[in-house]
Amino acid sequence: MPMKHYFISLFIGCSLLTTVVHAQPVALNKQLQPIVIQGALPVESERMAAKLSHAKVETVAGWTFWKGSYQGYPVIISKTRMGMSNSAAATAIAIERYQPIAIINQGTSGGHDPQLKVYDIVLGAYSTNISAFKTPNKALGEGSNALQWTQAFDVLPEDEFDPEPIAQRKFAGDQGLLVAAHQVKPNYRKGRVVEGTIGSADTWNNELDRIAFFHKTYNTSVEEMEAASVAQIASQYKVPFLGIRILSNNITNGGAYDAGTGEACQDFALDVAVEYMKSKSAALR
């Protein structure tokens with residue numbers, strides 16, 4: 001073979017070998033089921049969606065899903081819309097439709113812990129419903145005092161024949177997802193990353209005494225409107241779940257709202273997803 005043709009053949013062979021080496025992880029990753037990352041509002045979801053490769057938008061009723069890949073891993077971005085019912089419905093649809101390997105529910109939140117600052121991130125060691133109560137018996141004219149609503153009502157009791165399941169239901173974050181979050185924690189430089197309890201309700205609390213009550217009684221770090229309902233549905237389907245919340249404001253210490261927190265949390269959640277999928281991909285080898 002002439003020397004010129006030899007070098008051309010060698011170059012083509014090396015190029016093909018390089019292609020195979022680089023393509024191999026993607027081929028392995030395709031064996032994984034997708035991970036679902038949720039955000040309630042555009043400010044909590046569209047940045048992630050824009051980063052997907054080969055994204056396809058799918059709409060089911062009022063819920064939007066972006067199906068694509070990120071760094072070679074299959075990812076579904078879900079805009080759940082705001083609130084407990086919306087996020088629960090979006091979760092059930094995502095599980096039935098995409099059969100995800102795990103679910104991350106992330107977004108902005110208001111602080112309950114005075115030690116936390118805007119841009120700090122709370123990893124949901126627990127997520128809990130802070131709007132399910134049995135109120136005290138009071139006669140007409142005796143008024144109402146929410147600080148006396150101390151009996152939490154369990155909406156998912158083990159004994160469904162119990163008419164008064166008084167207990168606080170706390171959904172634990174998946175340990176594998178928590179490990180992944182701690183692995184990427186050093187990459188986050190806009191605030192601290194800590195474990196805590198995420199409190200969820202279709203309520204926007206601005207009463208400092210009420211917030212202090214939740215922080216003391218429920219050990220809440222932050223409040224928002226989705227994580228506990230997503231955790232509830234995920235637990236029923238036995239799908240690994242983790243809530244991740246960034247403080248967009250903290251009324252307990254004067255931390256003013258910052259819209260940039262929504263983007264920061266999305267970036268962190270994507271890092272967690274990649275780390276988690278990487279560990280799952282390695283287990284397939």
Side-chain angles (χ1 to χ4, degrees), residues 36-49 57-66 76-98 100 103-112 121-124 126-135 146 149 152-156 168-171 173 196-207 210-211 213-215 218 220-237 239 241-251 257 259 261-263 265-266 269:
V36 169
I37 313 177
Q38 300 171 318
L41 299 170
V43 71
E44 297 169 315
S45 58
E46 291 186 352
R47 180 178 176 88
M48 294 184 296
V57 181
E58 299 183 353
T59 303
V60 181
W63 294 279
T64 304
F65 303 89
W66 291 267
I76 307 291
I77 303 302
S78 165
K79 183 164 68 70
T80 67
R81 309 186 77 170
M82 185 168 50
M84 304 285 272
S85 296
N86 274 322
S87 56
T91 301
I93 292 169
I95 293 173
E96 292 282 356
R97 191 177 184 91
Y98 304 112
I103 296 173
I104 295 174
N105 180 270
Q106 61 77 49
T108 58
S109 63
H112 279 195
I121 287 178
V122 174
L123 306 176
Y126 297 99
S127 299
T128 188
N129 187 331
I130 58 172
S131 62
F133 302 101
K134 179 186 176 184
T135 68
W149 300 356
F153 196 89
D154 185 2
V155 297
L156 198 64
Q168 182 188 357
R169 172 70 64 168
K170 298 175 74 174
F171 298 96
T197 297
I198 300 171
S200 305
D202 284 331
T203 309
W204 187 318
N205 290 294
N206 284 311
E207 299 172 332
R210 182 75 170 150
I211 291 171
F213 166 83
F214 284 128
H215 181 53
Y218 287 76
T220 51
S221 304
V222 293
E223 71 166 49
E224 42 79 88
M225 298 181 177
E226 293 86 28
S229 58
V230 175
Q232 180 178 326
I233 302 303
S235 72
Q236 293 286 81
Y237 280 96
V239 175
F241 164 82
L242 180 64
I244 300 176
R245 280 296 184 276
I246 193 168
L247 276 80
S248 59
N249 68 292
N250 193 344
I251 194 174
Y257 173 76
T261 53
E263 293 189 349
C265 195
Q266 290 177 74

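Scanning all heavy atoms of the two residues, the minimum distance from Ile95 to Pro100 falls at CA-CD, 3.6 Å. The shortest heavy-atom contact between Thr203 and Met225 is O-CE, 3.8 Å. Between Ile211 and Gly111, the shortest heavy-atom contact is CG2-O, 4.2 Å. Taking both residues in full, the closest heavy atoms of Ala201 and Ile130 are given as CB-CG1, 3.8 Å, listed atom of the first, atom of the second, then distance. What you find for Ala231 and Ser127 is that their closest heavy atoms are CB-CB, 4.4 Å. Between Thr80 and Ala40, the shortest heavy-atom distance links the atoms OG1-CA, 3.3 Å.
Note: Trp66 CH2 to Thr59 OG1 = 8.5 Å, rounded to the nearest 0.5 Å. Rounded to the nearest 0.5 angstrom, Met82 CE and Ser87 OG are separated by 11.0 Å. From Asn105, atom CG reaches atom OG of Ser229 across 7.5 Å, with rounding to the nearest 0.5 Å.
Between the Trp149 side chain and the Thr135 main chain, no donor and acceptor come within less than 3.5 Å of each other. Not one N or O on the side chain of Thr220 forms a donor-acceptor pair closer than 3.5 Å with the backbone of Ile198. At least one donor-acceptor pair closer than 3.5 Å links the side chain of Trp63 to the backbone N or O of Asn86. Remark: side-chain polar atoms of Gln106 are paired, donor with acceptor, to backbone N or O of Glu44 under 3.5 angstrom. Remark: the backbone N or O of Ala228 is paired with a side-chain donor or acceptor of Ser200 at under 3.5 angstrom.
Residues passing the side chain to side chain donor-acceptor pair (under 3.5 Å) test with Thr91, sequence neighbours excluded: Gln38. With sequence neighbours left out, the ring-ring contact (aromatic ring centres under 6.0 Å, His included) criterion links Tyr218 to Phe214. Scanning for ring-ring contact (aromatic ring centres under 6.0 Å, His included) contacts around Tyr98 gives Phe65, with sequence neighbours left out. Annotation: side chain to side chain donor-acceptor pair (under 3.5 Å) contacts of Asn205 (sequence neighbours excluded): Glu223. In this structure, the side chain to side chain donor-acceptor pair (under 3.5 Å) partners of Asp154, at least two apart in sequence or on a different chain, are Arg169.
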Is there a side-chain contact (heavy atoms from CB on, under 4.5 Å) between Ile37 and Gln266 once you walk through the steps? CA-CA 9 Å; Ile37 313 177; Gln266 290 177 74; over 6 Å; no
Verify side-chain contact (heavy atoms from CB on, under 4.5 Å) between Ile103 and Ser78, making sure each step is shown before the conclusion. CA-CA 10 Å; Ile103 296 173; Ser78 165; over 6 Å; no
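Inter-residue side-chain proximity for Ile244 and Ile121 is flagged as met; some heavy-atom pair is nearer than 4.5 Å. The shortest distance between side-chain heavy atoms of Asn129 and Met84 falls below 4.5 Å. Put simply, the side chain of Val122 does not reach to within 4.5 Å of the side chain of Glu224, judged on heavy atoms.
Counting only N and O atoms by type, the side chains of Thr261 and Thr108 include no donor and acceptor under 3.5 Å apart.
Every pair passing salt bridge (Lys or Arg N to Asp or Glu O under 4.0 Å) that includes a residue from residues 225-234 is listed here, sequence neighbours excluded: Glu226-Arg245.
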